[in-house]
Amino acid sequence: MTSDLIHLLVRQTADGLYATSPQAPGFIYGRKSLKELRNDLEDALCFHFDETGPFSVLEHHEHHYVISGGELVTRIANDEHKDERQAVYARLGDVIKDKIQAEALAYGVTNPVGESVYVCALPQDTVGWLMDQLNERGDAVSAAVLVADRMLLTLPIAYGDTYGKIDGRYTLAESDFDRATTLSEIIQVTNVVTPVPVRPINRRSTTSTP
């Protein structure tokens with residue numbers, strides 16, 4: 001029987017909602033409303049796994065944006081910390097309102113279908129919790145965490161050899177971080193600001209010819 005927590009990724013569309021899960025490959029489940037989705041979910045999972053429930057499920061709600069041709073997705077877990085995650089979600093919303101910052105987010109690390117996904121994360125969230133939201137065939141998200149007073153730090157999290165290095169950082173699958181490592185521990189060893197290298201000036205190129 002399936003005993004792992006099922007991370008259910010729920011997204012609103014023009015026709016209703018549909019849900020997928022990394023723990024249920026091939027599972028695509030849609031309903032007109034969230035109430036219907038929740039009411040029929042247990043039966044749908046029983047059919048998919050060919051098992052009897054109950055199943056342990058954590059909903060993550062996604063919002064999809066198209067920004068200057070790029071695709072950006074915000075993801076927030078409906079768990080016991082949802083109020084704290086809502087603060088991250090609100091900050092992401094503020095960033096998305098700024099055209100320049102929104103484009104920078106939309107063209108960040110992308111998943112296999114070209115979306116830049118930002119998970120509303122907290123310092124106590126673990127690498128394992130984030131990895132369990134990724135497709136084992138290769139996937140990527142960025143954990144968005146509030147730091148300091150008005151700063152939003154994004155940490156790329158990827159699974160799969162095809163990603164290699166991401167923005168100067170290795171994927172977690174290739175790094176020294178294990179599943180129990182918290183984002184707080186990663187933040188402590190992350191360079192939030194990287195100095196810009198000084199380039200020597202070629203004086204001859206700036207000297208006019210007599």
Side-chain angles (χ1 to χ4, degrees), residues 4-12 17-24 33-35 37-38 41 54-65 67 71-98 101-106 108-111 115-135 139-159 166-167 169 171-173 175 177-193:
D4 294 337
L5 176 65
I6 294 173
H7 291 265
L8 192 72
L9 311 180
V10 182
R11 187 176 299 189
Q12 181 78 48
L17 300 110
Y18 77 91
T20 59
S21 173
Q23 286 72 44
S33 69
L34 185 59
K35 181 179 179 181
L37 185 142
R38 288 171 173 168
L41 178 61
F55 299 93
S56 180
V57 177
L58 173 59
E59 288 180 12
H60 300 261
H61 292 270
E62 295 186 335
H63 192 109
H64 177 266
Y65 304 83
I67 299 173
E71 296 185 67
L72 187 154
V73 175
T74 57
R75 178 185 297 171
I76 182 169
N78 186 28
D79 62 4
E80 66 272 22
H81 303 293
K82 61 182 179 182
D83 290 342
E84 296 171 80
R85 299 188 192 282
Q86 190 65 39
V88 184
Y89 184 78
R91 187 68 53 82
L92 277 168
D94 291 340
V95 172
I96 290 169
K97 293 175 185 176
D98 182 279
Q101 293 188 77
E103 288 180 354
L105 288 181
V109 176
T110 58
N111 64 16
E115 298 171 338
S116 293
V117 180
Y118 292 87
V119 177
C120 296
L122 303 175
Q124 65 266 31
D125 289 335
T126 64
V127 167
W129 186 78
L130 288 159
M131 293 292 283
D132 287 344
Q133 298 178 42
L134 302 181
N135 189 312
D139 202 356
V141 297
S142 290
V145 189
L146 294 181
V147 294
D149 184 31
R150 294 285 301 170
M151 292 181 65
L152 183 70
L153 178 64
T154 59
L155 299 168
I157 309 292
Y159 184 90
I166 294 180
D167 192 24
R169 293 180 285 272
T171 65
L172 289 180
S175 74
F177 302 125
D178 60 32
R179 289 181 57 85
T181 302
T182 65
L183 291 181
S184 177
E185 292 172 300
I186 296 175
I187 291 170
Q188 290 176 39
V189 296
T190 299
N191 291 326
V192 178
V193 178

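When all heavy atoms of Ala77 and Arg85 are compared, the pair lying nearest together is O-CD, 3.7 Å. Of all heavy-atom pairs spanning Leu17 and Val10, the tightest one is CD2-CG1, 3.6 Å. Summarising the geometry of Ala144 relative to Val88, their closest heavy-atom pair is O-CG1, 3.3 Å, with the distance given to 0.1 Å. Contact detail for Ser142 and Pro156: the closest heavy-atom pair is OG-CA, 3.9 Å.
Contact annotation: the side chain of Asn111 never approaches that of Asn135 to less than 4.5 Å [non-hydrogen atoms, C-beta and beyond]. Leu41 has its side chain within reach of Leu8: a pair of non-hydrogen atoms, C-beta onward, lies under 4.5 Å apart. Side-chain contact between Asp139 and Val117 is absent, with no heavy atoms from C-beta onward closer than 4.5 Å. In this structure, Lys82 and Ile76 have side chains that are not in contact, with every pair of non-hydrogen atoms separated by 4.5 Å or more. Contact check for His61 versus Leu34: side-chain heavy atoms found under the 4.5 Å cut-off. Side chains of Val119 and His60 form no contact here, defined as non-hydrogen atoms less than 4.5 Å apart.
Between atom CD of residue Gln23 and atom CG of residue Leu5 there is a gap of 7.0 Å, rounded to the nearest 0.5 Å. Between the CG atom of Asp125 and the NE2 atom of His81 there is a distance of 7.5 Å, given to the nearest 0.5 Å. Atom CE of residue Met131 and atom OG1 of residue Thr181 lie 11.5 Å apart, to the nearest 0.5 angstrom. Note that the SG atom of Cys120 and the CD atom of Gln86 stand 7.5 Å from one another [nearest 0.5 Å]. We find the CG-OG1 distance between Leu183 and Thr126 to be 8.0 Å, quoted to the nearest 0.5 Å. Once rounded to the nearest 0.5 Å, the distance linking CG of Leu72 with OG1 of Thr110 reads 11.5 Å.
Each of Glu62, Glu59, Glu71 was compared with Arg11 under the salt bridge (Lys or Arg N to Asp or Glu O under 4.0 Å) criterion, and only Glu62 meets it. Residue Leu146 is tested with Leu92, Leu122, Leu152 for a side-chain contact (heavy atoms from CB on, under 4.5 Å); the sole match is Leu152.
Between Glu115 and Arg75 there is no salt bridge, since no side-chain N of the basic residue sits under 4.0 Å from a carboxylate O of the acidic one.
The backbone N or O of Trp129 lies less than 3.5 Å from no partner atom in the side chain of Asp132, so there is not a single donor-acceptor pair. Looking at Asp94, its side chain never comes within 3.5 Å of a backbone N or O of Lys97 through a donor-acceptor pair. Formation of a donor-acceptor pair under 3.5 Å by the Thr182 side chain with backbone atoms of Gln124 is not found in this model. Panel note: side chain Tyr118, backbone Leu105; a donor-acceptor pair is recorded below 3.5 Å.
Partners of Gln101 according to the side-chain contact (heavy atoms from CB on, under 4.5 Å) rule, which considers only residues two or more places apart in sequence or in another chain, are Val95, Asp98.
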Decide yes or no on side-chain contact (heavy atoms from CB on, under 4.5 Å) for Ile187 and Leu155, but give the supporting numbers first.
-> CA-CA 9 Å; Ile187 291 170; Leu155 299 168; 4.0 Å; yes

Check the pair Ile96 / Thr74 against side-chain contact (heavy atoms from CB on, under 4.5 Å), numbers first and verdict last.
-> CA-CA 10 Å; Ile96 290 169; Thr74 57; 4.2 Å; yes

